[in-house]
Amino acid sequence: MNRLIFFFILAITLNSCKPEVQPTWALVPYPNAIEATDGVFSFEKGIAITFSDPSLQGLSEFYAKRFSELGIGVEAKARQTIDLQLTKGDTLKPQAYRLEIGKKKISVTASHPQGLFYGLMTLWQQLNLSGKQVIACGEITDTPRFDYRGFMLDESRHFFGKAKVKQYIDLMAGFKLNTFHWHLTDQTGWRIEIKGFPKLTTVGGQGNYSDREAPAAYYTQEDIKEVVAYAAERFITVIPEIDMPGHATAANMAYPEFSGGGSEKHPDFTFDPGNEATYGYLTSILREVAGLFPSDYIHLGGDEVHFGNDQWHHNAGIKALMTRENLENLVEVEYYFMRRMTDSLKAIGKHLAGWDEIVASGVDKQTSMIYWWRHDKVDKLEAALKAGYKTVLCPRRPLYFDFVQHDSLKNGRRWEGFNPLKDVYQYPDSTHQFTKDDLKLIAGLQANLWTERLATEDWIDFMTFPRLIAMAEAAWTDQAHKDWSRFDATLPKLFAFLDSKGIYYFNETDTVHQKEPAL
Ligand code: TNX
């Protein structure tokens, strides 16, 4: 009798020790359709990743590593499997995936490896953010709201280097961002080696925004290839920016013969559009750049030329150009320059990307892409869409991360307000009502991190996180499935994840992370 009671109690105890898994989905960006089913899948016994398409070898190895880092044994002989399927002729878009978590088997289906990459990322996040090796069964069918989900880093004003850039690319991939816009040239420094014009880096790479005397800092072509390959493994396209005809001061320090002069405040700010040799010079540079980046686009800037083109008024070459080409003013000279450079890009097999200043320049509408950044000039966005340009939304408010994210913070920009986390999350639905036709042209969203005032790694982390994660959800998750309170409730898990990566993020609810880093 006593024995019976003992076994009875033992049975109850064992039963209650069964892993308790609620079907919660700690996922960011939140998927667009989740259906929970009964039961759990346990990773505790190890798993095999199976696939029949040989092109998936690299992808499976990438995730075998990721799962091993979470303490999960990945071995070919394991009884439980994650099966990867590439479907042909399926209606799934290239970035979409289906993830089915059964009790014994997980399958991920997509029409393209990129979709599989995201499906596996969802699974990895479910494991990582839940902190458990036993996860709820269910079926997720997911596709991003916007095809383009980007982050821009300005390394001209301050240079952070390969290791930091790779860390950011890794974090971007973890939240399904797919485009890294690399701002490599500007007033302060030229950061990409060009073999035909070595002084661009040895001279133009000297100094940074905090220290004019800092030794030259730049990426060699080998470094660039390494970063581009690292990004490609994570389905991230790198779009380089070579800013022109303004923001060219660093280049002009190296090769003053192509300078179009500047203004009192911004000397040597521009290239010289009145000198025919300038076009050949810039085209040779772009040819080298094109060879390093598989991206369809090269970003040529085109912003803020009026900051420093006073000397164009006194430039004989520009006067002759204006007469010859019937250009009425300096803005038309800018437009002419952009059209010429777009032709150069075409000749080397690339398309133009540029800031919204180029919207009326007449560059090709089928192939060029406009980045709308001046939130106070909505007419520029409207003009881009009306003209039929593919457009990326990166308005200063709320997507410039050099703006502070909380009223208590001192170092960072403000402009009739600032850019709190919630504003980032709620964009673009908070400020725009797009028509179906608009949405066909809107490629997606991008956050821009300008670094005039951000000299250290802690500083860029503090400005970027957690805002970049909020933007990742804004860019992926449909308006109907966005939910600020759910996102807000996931933040503690995201902070723990960022802690594990050594990222110094901002958190208004914790005394350590309320503090700005040292300047
Ligand atoms: C404007 S955005 C710029 C950058 C500055 C930024 C600071 C743009 C195309 N040009 O050169 O770094 O403001 O917020």
Side-chain angles (χ1 to χ4, degrees), residues 150-160 181-191 207-210 239-252 262-263 265-271 297-309 331 334 337-338 341 352-361 363 368-378 380-381 384 389 391-405 409-419 423-424 445-455 459-460 462-464 467-468 471:
F151 173 64
M152 189 217 77
L153 178 64
D154 165 15
E155 286 207 88
S156 173
R157 274 58 175 264
H158 285 102
F159 182 83
F160 301 95
H181 170 172
W182 209 356
H183 188 78
L184 286 164
T185 75
D186 210 297
Q187 275 154 284
T188 317
W190 181 285
R191 310 295 183 199
N208 61 45
Y209 206 88
S210 318
I239 300 182
E241 181 180 348
I242 308 296
D243 208 342
M244 58 182 77
H247 289 274
T249 325
N252 289 336
S263 60
K265 213 169 144 207
H266 300 279
D268 281 305
F269 186 73
T270 66
F271 292 116
Y297 296 97
I298 294 184
H299 201 299
L300 297 190
D303 55 312
E304 299 176 329
V305 182
H306 65 278
F307 272 22
N309 64 352
V331 173
E334 257 177 62
F337 172 90
M338 269 299 161
M341 292 316 301
L352 170 77
W355 301 110
D356 64 38
E357 279 88 341
I358 68 169
V359 79
S361 66
V363 292
S368 310
M369 185 152 74
I370 306 272
Y371 286 60
W372 179 61
W373 68 279
R374 291 178 291 179
H375 69 287
D376 53 335
K377 293 192 190 320
V378 181
K380 302 291 173 198
L381 171 61
Y389 284 111
T391 304
V392 173
L393 306 175
C394 51
R396 193 160 34 196
R397 299 277 319 276
L399 296 185
Y400 269 30
F401 288 178
D402 57 336
F403 280 56
V404 296
Q405 53 185 318
L409 302 172
K410 304 234 155 30
N411 182 43
R413 287 178 198 266
R414 292 165 191 257
W415 187 323
E416 288 164 9
F418 50 93
N419 295 338
D423 286 11
V424 176
L445 311 186
Q446 177 169 288
N448 293 338
L449 186 65
W450 302 99
T451 60
E452 287 94 331
R453 307 177 193 205
L454 312 173
W459 262 109
I460 60 173
F462 190 71
M463 301 305 263
T464 304
R467 287 189 290 192
L468 189 60
M471 198 214 68

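Order of appearance sets the numbers: ligands from 1, and atoms from 1 within every ligand. All values reported here derive from a predicted model rather than from experimental measurement.
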Is the shortest N/O to N/O distance between Trp450 and ligand 1 below 3.5 Å? no

State, to 0.1 Å, how close Gly189 and Ser156 come at their nearest heavy-atom pair, and which atoms those are. O-OG, 2.8 Å

Closest heavy-atom pair, Leu393 versus Pro395, reported as atoms and distance to 0.1 Å, is C-CD, 3.4 Å

Might you confirm whether atom OH of Tyr209 has over 12 heavy atoms from other residues, nucleotides or ligands at distances under 6.0 Å? no

Among all protein heavy atoms, pick the one closest to [atom] and tell me residue, atom and distance.
atom                    : answer
atom 1 (C) of ligand 1  : Glu304 OE2, 3.2 Å
atom 5 (C) of ligand 1  : Glu452 OE2, 3.3 Å
atom 14 (O) of ligand 1 : Asp402 OD2, 2.6 Å
atom 2 (S) of ligand 1  : Tyr400 OH, 2.5 Å
atom 9 (C) of ligand 1  : Asp303 OD2, 3.1 Å
atom 11 (O) of ligand 1 : Arg157 NH2, 3.1 Å

Can you spot which of Tyr297, Tyr371, Trp355 makes a side-chain contact (heavy atoms from CB on, under 4.5 Å) with Glu241? Trp355

Just to check, does Glu357 reach to within less than 4.0 Å of ligand 1 when the distance is taken from its heavy atoms? no

Is ligand 1 less than 4.0 angstrom away from at least one heavy atom of His247? yes

Side-chain H-bond candidate by donor/acceptor type, Trp373 with Glu357, under 3.5 Å: yes

Any luck finding a side-chain donor-acceptor pair between Asn419 and Arg397 under 3.5 Å? yes

Measure centre to centre between the rings of Phe151 and His181, then say whether the value is under 6.0 Å. no

